[in-house]
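Only heavy atoms go into these numbers, but all of them, side chains included; no hydrogens, no water, no symmetry mates. Order of listing sets the numbers, starting from 1, for every ligand and every atom in it.
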Amino acid sequence: MPFYITTAISYVNGVPHLGHAYEAIATDVIARHMRQRDGDVFFLTGTDEHGEPVADAAQAEGIDPQELADRNAERFKALMPLLGVSNDFFIRTTDPEHERRVQEVLQRVHDNGYTYKGVYEGWYCARCADFKVENEILEGNLCPIHEIALELKQEENWFFKLSAFQERLEQVYAEHPAFVMPLVRFNEARSFITSGLQDISLSRKHLKWGVTVPWDHEHVFYVWFDALLNYYTALGYARPGEDLTDHFWPANFHIIGKDILKFHTVFWPAILMAADLPLPEHVFVHGFLLGADGRKMSKSLGNVLDPFEVLEEFGTDALRFYLMRDVSFGSDGTVGMDAVTARYESELANDYGNLASRTIAMIHRYRDGVVPDVPTDSELAREFEDLLPELRELMDAAEVSTALELIWRRVRRCNRYVEERAPWRLAKDPDAAGELDRTLASLAEAVRVISVLVSPYVPTSAQKLLDVLGAPELSLGGAEFAPTGGGRRVAVLEPLFPKRA
Ligand code: MSP
């Protein structure tokens with residue numbers, strides 16, 4: 001089954017920060033898991049390069065917007081491999097193929113009669129590049145996101161008839177309770193719709209930095225229309241010489257942060273309907289990362305956790321694990337260096353790393369490096385029995401942190417198993433040789449299964465360990481707890497999560 005998943009595309013008026021890394025990593029975990037199901041996966045990320053905020057930032061630096069976009073897009077693109085993110089394509093909304101397809105789709109929206117010319121007057125936030133409707137505006141005419149003063153702006157615009165989709169959107173929400181996840185965000189989106197939709201601007205007249213409106217060359221499209229369409233246009237040109245649109249559209253998941261809910265759960269489905277295109281299956285809305293003090297991360301508060309610092313000190317897998325483990329996906333969460341250290345030491349090094357190194361070391365010490373080919377312990381196997389179906393179900397709902405918790409319970413269970421069985425005592429008793437065989441075979445199998453399951457989170461360490469176990473296969477089909485040890489030879493394991501100086 002084709003599976004198509006996307007992140008939001010990042011604004012290039014700033015540089016990558018932990019929030020971007022977080023979203024890319026979470027999306028990557030789901031993409032990697034789906035590939036393990038032998039799924040035919042396409043994973044898209046990229047940069048959002050048009051619009052007023054980018055034009056303004058370039059102007060402030062005295063450079064061309066394209067120059068700013070090129071410089072910062074490169075930073076976002078280069079971050080992905082550092083994070084272990086396995087995206088299949090990186091879209092830039094200044095790609096000419098994207099621009100052409102945006103024009104094509106929105107021309108269809110125009111031809112279908114969902115646009116008109118009018119004068120827009122409203123409260124505008126320059127940082128959001130968005131007009132705010134009455135029920136969003138904070139007291140004192142402030143932007144609800146940036147808490148800066150909104151400007152009253154009047155402009156001749158092309159309009160998109162969002163209001164024409166009131167009933168059809170209500171119907172989507174009535175028929176597809178999993179369209180937006182988690183539920184609290186579904187309710188938020190639905191109540192935005194039921195409170196009454198107003199038409200929205202489709203174009204800007206005084207801005208040059210954007211995709212030209214094909215039926216009125218004095219206008220460029222409002223950046224959000226251009227940006228949202230990336231999810232669709234990318235499929236047309238991501239693989240040279242191929243058009244993947246029919247194969248992968250509609251998307252299975254858009255993963256986004258809570259600040260851009262309205263665009264993805266209200267505007268986006270309406271645009272697609274206006275262009276006669278099918279709607280994505282799910283939009284998953286994650287929370288915000290906050291500084292360790294619970295406040296929004298900001299340089300001036302000194303509570304920023306820098307992804308590059310964590311990468312340098314702990315490595316890619318540790319950053320990925322930390323973010324997926326410490327912040328419940330879908331909720332806000334505080335992050336800080338102390339917490340990274342604690343998770344690294346107590347869970348990666350002690351729980352998983354230790355389980356792996358003890359198991360491999362004992363196989364070398366007591367059985368000359370060969371996993372005994374004897375039946376595994378059915379009691380330990382039972383602990384893993386329901387895990388795979390449970391994980392599949394959780395990943396189908398993008399529940400990446402709950403899924404990791406289920407895997408971790410098994411890691412802990414196995415460490416208790418080592419203590420209970422005390423192989424070092426069995427090794428001293430010649431009558432217990434069979435029991436020692438069974439214990440070691442069971443532990444090797446448990447470590448293998450855990451590593452397959454946890455590999456989307458810590459891909460490098462898990463693969464290293466699987467290679468050492470002589471079982472490099474990642475497919476979920478092979479993640480059932482095997483009834484026998486298998487007689488494989490294991491290699492020497494270097495510490496996966498070394499002690500830090
Ligand atoms: N360009 C728009 C998205 C267009 S999608 C068609 C945008 N860009 S952004 O760079 O501001 O944000 C990109 C993503 O990062 C968004 O999903 C946003 O919610 C997420 N995050 C930005 N800061 C964040 C945190 N502090 N924490 C978690 N995610 C956050 O919005």
Chemist: Looking at CG of Leu394 and OG1 of Thr402, how far apart are the two atoms once the value is rounded to the nearest 0.5 Å?
Modeler: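 Result: 6.0 Å between the selected atoms.
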Chemist: Within a radius of less than 6.0 Å around CD of Glu393, do more than 12 heavy atoms belonging to other residues, nucleotides or ligands occur?
Modeler: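 Check fails, neighbour count at 12 or below.
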Chemist: Between ligand 1 and Tyr11, is the shortest N or O to N or O distance under 3.5 Å?
Modeler: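 Right, the criterion is met.
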Chemist: Under 4.5 Å between any side-chain heavy atoms of Phe43 and Thr6, yes or no?
Modeler: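 Answer no - side chains too far apart.
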Chemist: Please state which part of His264 comes within less than 4.0 Å of ligand 1, counting heavy atoms only: side chain, backbone, both or neither.
Modeler: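 Side chain only.
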Chemist: Regarding atom 5 (S) of ligand 1: of the candidates Phe288, Phe263, Tyr231, which has the closest heavy atom?
Modeler: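 It is Tyr231 that holds the nearest heavy atom.
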Chemist: Near Asp259, which atoms of ligand 1 are under 4.0 Å from a heavy atom of that residue?
Modeler: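 Those atoms are 18 (C), 19 (O).
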Chemist: What part of Leu289, side chain, backbone, both or neither, has a heavy atom within less than 4.0 angstrom of ligand 1?
Modeler: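 Under 4.0 Å from ligand 1, Leu289 contributes backbone and side-chain atoms.
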Chemist: For Gly14 and ligand 1, answer yes if some heavy atom of the residue is under 4.0 Å from a ligand atom, otherwise no.
Modeler: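 Heavy atoms of Gly14 never come under 4.0 Å of ligand 1.
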Chemist: Please could you name the atoms of ligand 1 that Gly287 approaches to less than 4.0 Å, counting only its heavy atoms?
Modeler: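 With Gly287 as reference, the close atoms of ligand 1 come out as 28 (C).
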Chemist: Does any N or O of ligand 1 fall below 3.5 Å from an N or O anywhere on Asp48, backbone included?
Modeler: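 There is such a contact, yes.
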Chemist: Counting only heavy atoms closer than 4.0 Å, does ligand 1 sit against the backbone of Trp224, its side chain, both, or neither?
Modeler: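 It is the side chain that gets close, since no backbone atom is under 4.0 Å.
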Chemist: Out of His286, Arg127, His50, indicate the one that has the non-hydrogen atom closest to atom 29 (N) of ligand 1.
Modeler: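 Looking at heavy atoms only, the winner is His286.
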Chemist: Output yes when Arg71 and Glu67 qualify as a salt bridge under the 4.0 Å nitrogen-oxygen rule, no when they do not.
Modeler: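 No, no charged N to carboxylate O under 4.0 Å.
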Chemist: Let me confirm one number: the CZ-CD1 distance from Phe253 to Ile30, rounded to the nearest 0.5 Å.
Modeler: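 Rounded to the nearest 0.5 Å, the CZ-CD1 separation comes out at 6.0 Å.
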Chemist: Show me which atoms of ligand 1 lie under 4.0 Å from any heavy atom of Ser10.
Modeler: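 Listed by number with element: 8 (N), 10 (O).
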Chemist: Using a strict 4.0 Å threshold on nitrogen-to-oxygen distance, state whether Glu405 and Arg325 make a salt bridge.
Modeler: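 Between Arg325 and Glu405 there is a salt bridge, with a charged N closer than 4.0 Å to a carboxylate O.
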Chemist: Take a 6.0 Å sphere around CD of Glu312 and say whether it holds more than 12 heavy atoms from other residues, nucleotides or ligands.
Modeler: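 Atom CD in Glu312 is not crowded, with 12 or fewer foreign heavy atoms closer than 6.0 Å.
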Chemist: In the protein, which heavy atom is nearest to atom 17 (O) of ligand 1, and how far is it?
Modeler: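 The protein heavy atom lying closest is Glu23 OE1, 2.5 Å.
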Chemist: Nearest to atom 31 (O) of ligand 1, what protein heavy atom do you find, and at what distance?
Modeler: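 The protein heavy atom lying closest is Ile260 CG2, 3.6 Å.
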Chemist: Is the number of heavy atoms from other residues, nucleotides or ligands within 6.0 Å of CD (Gln59) greater than 12?
Modeler: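 For Gln59, atom CD is not crowded (no more than 12 foreign heavy atoms under 6.0 Å).
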Chemist: For ligand 1, is there an N or O atom under 3.5 Å from any N or O atom of Met297?
Modeler: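 For ligand 1, there is no N or O atom that lies under 3.5 Å from one belonging to Met297.
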Chemist: Between NZ of Lys262 and CG of Asp259, what distance do you get to the nearest 0.5 Å?
Modeler: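 The CG atom of Asp259 is 11.0 Å from NZ of Lys262, to the nearest 0.5 Å.
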Chemist: Select one of side chain, backbone, both or neither to describe which atoms of His17 lie under 4.0 Å from any atom of ligand 1, heavy atoms only.
Modeler: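 The side chain, only.
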Chemist: Quick one: which ligand 1 atoms are inside 4.0 Å of a heavy atom on Ile256?
Modeler: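 Here the atoms of ligand 1 in question are 17 (O).
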Chemist: Is the number of heavy atoms from other residues, nucleotides or ligands under 6.0 Å of Lys205 NZ greater than 12?
Modeler: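 Above 12, so yes.
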Chemist: If you count the non-hydrogen atoms of other residues, nucleotides and ligands that lie under 6.0 Å from CG in Asp246, is the total more than 12?
Modeler: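 Open.
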Chemist: Taking only heavy atoms of Ala227 into account, list the atoms of ligand 1 that are under 4.0 Å away from them.
Modeler: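 That gives atoms 6 (C) of ligand 1.
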Chemist: At less than 4.0 angstrom from any non-hydrogen atom of Gly257, what atoms of ligand 1 do you find?
Modeler: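 With Gly257 as reference, the close atoms of ligand 1 come out as 17 (O), 19 (O).
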Chemist: What is the closest protein heavy atom to atom 3 (C) of ligand 1, and at what distance does it sit?
Modeler: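 Result: Ile9 O, 3.2 Å.
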Chemist: Which residue and non-hydrogen atom of the protein lie closest to atom 10 (O) of ligand 1, and at what distance in Å?
Modeler: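 For this ligand atom, the closest protein heavy atom is His20 NE2, 2.9 Å.
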Chemist: Please answer whether the main-chain N or O of Glu49 pairs with a side-chain N or O of Thr93 as donor and acceptor at a distance below 3.5 Å.
Modeler: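 Confirmed, Thr93 side chain pairs with Glu49 backbone.
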